[in-house]
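Worksheet: the structure to be examined is printed underneath.
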Amino acid sequence: MSDSSECLFCAIVDGTLPAHVVYEDDAHVAFLDKSPLFVGHVLLVPRPHVVALSDLDASRVAPLFLNVQKIARAVERAMGADGTFVAINNKVSQSVPHLHVHVVPRKTKDGLRGFFWPRQKYASQEAMAVTAAHIRAAIK
Ligand code: DGP
């Protein structure tokens with residue numbers, strides 16, 4: 001786990017780094033991303049410094065995602081959006097090492113689809129079955 005004393009999002013949680021806070025409770029803060037994919041892009045963070053989703057105490061997972069639901073509804077309503085994109089960069093591509101959930105307003109044909117996530121195909125149904133078996137085994 002990284003050092004919380006140098007964490008940007010801990011500084012926002014502490015109030016020592018200014019941010020446009022849209023929601024807070026005793027365990028979370030949500031604020032505008034300073035470099036939004038679209039205007040109204042919100043980041044939701046748990047107050048305790050954890051880097052990745054797997055570092056979050058199990059008791060905090062449901063409250064976090066209840067807030068994701070609340071913020072996604074609010075962002076959709078406030079921005080007149082058709083929906084939202086909800087995402088976590090979980091270690092890879094994570095530029096701020098404090099767990100954060102992106103809630104991004106989406107409109108139909110807003111251009112996000114296409115530059116993001118080029119899709120692949122499995123080589124075969126068998127290759128797909130082998131991959132599923134690996135993940136099933138890791139869950140056990
Ligand atoms: P990610 O790449 O998933 O780690 O997203 C980190 C996001 O954090 C990125 O979209 C930009 C945003 N961000 C980085 N530094 C700051 C900051 O100091 N204030 C705010 N409001 N957002 C920040």
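For ligands, and for the atoms within them, numbers begin at 1 and follow the listed sequence.
When the side chains of ILVMFWY residues are joined at heavy-atom separations under 4.5 Å, either directly or via intervening members, Leu64 and Val86 end up in a single hydrophobic cluster.
His98 and His100 have their aromatic ring centers separated by at least 6.0 angstrom.
For Arg136 (side chain) and Thr131 (main-chain N/O), no donor-acceptor pair under 3.5 Å exists by modelled atom type.
Counting heavy atoms from C-beta on, the side chains of His20 and Lys34 never come closer than 4.5 Å.
Protein residues with any heavy atom under 4.0 Å from ligand 1: Leu8, Phe9, Ile12, Leu17, Phe31, Leu32, Asp33, Lys34, Leu43, Asn89, Ser93, Gln94, Ser95, Val96, His100, His102.
Checked against ring-ring contact (aromatic ring centres under 6.0 Å, His included), Phe31 has the following partners two or more places apart in sequence or in another chain: Phe9.
Side-chain N/O atoms of Thr16 and Asp14 include no donor and acceptor closer than 3.5 Å.
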